[in-house]
Amino acid sequence: MPRAFALVDCNSFYASCEKVFAPALANRPVVVLSNNDGCIVARSAEAKALGIPMGKPLFQCEGLIKRHGVAVFSSNYALYGDMSARVMATLGRFTPSMEIYSIDEAFLDLTGMPIALTPYGRRIRETVLRWTGIPVSVGIGPTKTLAKVANKLAKQDPAFAGVLDLTGRLDREALLAKIGVEDVWGIGRQYAAMLERHGVRTALDFARLPRDFVKKRMTVGGLHTLLELNGVSCLPLEQAPAPKKSIVSSRSFGVPVTTLEDMREALAWHVSRAAEKLRAQHGLTSGLLVYVQTNTFIANEPQYAASDTTALPVPTAHTSELLRAGLKLLERLFKQGYRYKKVGVMLLGIEVSGSVQGSLLAPAKEESQRRKALMRALDQANAKWGKEMVRLAATGLKRSWAMRQERRSPRYTTMWAELPAVKAG
DNA sequence: TCTGGGGTCCTAGGACCC
DNA sequence: TCTGGGGTCCTAGGACCC
């Protein structure tokens, strides 16, 4: 049976979330910023129309923003995560199996649906909008890559009204010719530039390339893209998210950091976060990497960046063990006399807890049970009372390095105190 | 003044072993 | 002068995604 995948993608997701709770912004341009209020990472349709580019630093757009009264928000991940869960739950009603691909995208398996797919796509779109307030686009195709292409076309051409099914279309080639090769899923900037040099400009040009050329210059990933554009499904639907093989926590500082003390505090915070994520997936880490970095954007300042790794004697998920190892690394890396912009930690070689070999060096069983219980209590308290309410002392209270976040909307959906007020009468 | 964060996969090349 | 062949494991780097 021929396969059918739908890619459902939320339009301007973060900006749309902000609009849901601020009806006055309905037809106004809205942008959402990256962490630290640094770059523009989401733009409403009105903001795109003004020519505000994706990924631009905010301070380079101040003029445009002021002139047009653009509403600007710091990112509010508690809100977006919760809205995402609602959208995904809604989508789950339309398919026996789906893959949540990112915070604002999902692939739905529509193989063998006993209904015409275009009207089905319209129903999906209308239902999500009605139930969550979030507008989505729906692209349908015989492979995931073609579903992505269809989605892009559905957004690009208003005639499709947000839904396009490529599975039965005879004009598939003509439509592929309307997509730039750089907009094909799996082809990024570097490959696009290389292809351009060979006269490949559209998705159709690419789809017609010889296999061995693509395999040689773009490895097997590129070959899969080529085959998928020709209707050969190579990328399966991944229903269960694979456990992470590495976990990162890192963030730019709101202000430059110069002292070891502040660096220690910030690193401790990141180690705690990473360890929480690790325990959430029932993992144990066998190593960690710490890195420090100055602000590379400042040309006339001394620059320094360094990283180092350490292997743990026994894989662990215990915050204080990771803290000890991480701080030791930091002390080796830290050099006086620099203005640091960033510190981060990466957990490496993660194993599923339970599959770990015993070791003569492992703490006695009783001791490790006791520690596990402590960590569980910590995670539960954090979940109940809010993130960061309960932390190990080393993570500090000063937070002079904390990120800037000056324009965050209330956490409407996840904090009782910030529920939107509704005026009656 | 101000420039995000968190992931994956693939390949080449070196170390090491028999 | 000429210095095997093949396997595995690890790391670094480069590409991609959102």
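All heavy atoms count here, side chains included; hydrogens, waters and symmetry mates do not. Just so it is clear, the structure is predicted and the values come from calculations on it, not from any experiment. In what follows, chains carry the letters A, B, and so on, assigned in the order in which the sequence lines appear, proteins first and then strands, with residues in each chain numbered from 1.
- Residues A:Arg279 and A:Thr319 have side chains that bring a donor and an acceptor to within less than 3.5 angstrom of each other.
- Residue contacts for A:Asp37: at a heavy-atom cut-off of 4.0 Å it reaches no nucleic acid atom on any strand shown.
- Ion pairing between a basic and an acidic side chain is recognised when a charged N comes within 4.0 Å of a carboxylate O; A:Asp165 and A:Arg169 show no such pairing.
- Heavy-atom distances under 4.0 Å link DNA chain C to no residue of residues 59-84 of chain A.
- A salt bridge links A:Glu173 to A:Arg208: one of the charged nitrogens lies within less than 4.0 Å of a carboxylate oxygen.
- No hydrogens or angles considered: nothing links the side chains of A:Lys19 and A:Ser12 as a donor-acceptor pair under 3.5 Å.
- Once you apply a 4.0 Å limit to the heavy atoms of chain A, the touched nucleotides of DNA chain C run 5' to 3' over C:dA15 to C:dC18.
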Identify every side-chain donor-acceptor pair in residues 146-153 of chain A under 3.5 Å, counting partners at least two apart or on other chains, and give the distances.
unit_1	atom_1	unit_2	atom_2	d
A:Lys148	NZ	A:Glu105	OE1	2.6
A:Asn151	OD1	A:Lys155	NZ	3.1
A:Asn151	ND2	A:Leu7	O	3.0
A:Asn151	ND2	A:Ser137	O	3.1

*Test log, rule side chain to side chain contact (heavy atoms under 4.5 Å, CB included), inputs A:Asn35 and A:Tyr77*: CA-CA 10 Å; A:Asn35 276 326; A:Tyr77 287 105; 3.9 Å; yes

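- In the region residues 187-214 of chain A, proximity to DNA chain C at under 4.0 angstrom, judged on heavy atoms, holds for A:Ile187, A:Gly188, A:Arg189, A:Gln190, A:Tyr191.
- No donor-acceptor contact under 3.5 angstrom links the side chains of A:Thr316 and A:His318, judged on distance only.
- Taking a cutoff of 4.0 Å between a charged side-chain nitrogen and a carboxylate oxygen, A:Arg189 and A:Glu182 do not qualify as a salt bridge.
- The residue A:Ile247 sits close only to the backbone: its heavy atoms come under 4.0 Å of sugar-phosphate atoms, none of a base.
- When heavy atoms are screened at a 4.0 angstrom cut-off, A:Val184 is found touching the sugar-phosphate backbone but no base atom.
- Heavy atoms of A:Lys56 sit nowhere under 4.0 angstrom from any nucleic acid atom.
- For the pair A:Phe21 and A:Pro410, the minimum side-chain heavy-atom distance is 4.5 Å or more.
- There is no side-chain donor-acceptor pair under 3.5 Å between A:Tyr191 and A:Glu196.
- Taking the P atom of each, B:dT3 and C:dC18 are spaced 25 Å apart, rounded to whole Å.
- Separation of atoms CG (A:Leu235) and CZ (A:Phe107) is listed at 8.0 Å; rounding is to 0.5 Å.
- Note that CD of A:Gln303 and CZ of A:Arg339 are 10.5 Å apart. Values are rounded to the nearest 0.5 Å.
- Among the protein residues, A:Lys216 comes within range of no part of the nucleic acid, since none of its heavy atoms lies under 4.0 Å from any strand.
- Among the atoms of the strands shown, none is found under 4.0 Å from any heavy atom of A:Asn36.
- At a threshold of 4.0 angstrom between heavy atoms, the contacts of A:Ser249 are confined to the sugar-phosphate backbone, with no base atom among them.
- A:Lys148 comes within 4.0 angstrom of the backbone, heavy atoms only, and of no base.
- In this view, A:Tyr338 and A:Tyr304 satisfy the ring pair (Phe, Tyr, Trp, His ring centres under 6.0 Å) rule, not counting sequence neighbours.
- Between A:Pro243 and A:Ser252, the residue anchored nearer the 5' end of DNA chain B, judged by the nucleotide with its closest heavy atom, is A:Ser252.
- A 6.0 Å sphere centred on NZ of A:Lys342 holds more than 12 heavy atoms belonging to other residues, nucleotides or ligands.
- Counting only Watson-Crick or G-U wobble pairs whose defining distances are both under 3.5 Å, the stems of 3 or more consecutive pairs in DNA chain C are B:5-18 with C:5-18.
- Residues A:His224 and A:Pro256 both approach DNA chain B. Their nearest nucleotides, taken by heavy-atom distance, put A:Pro256 toward the 5′ side.
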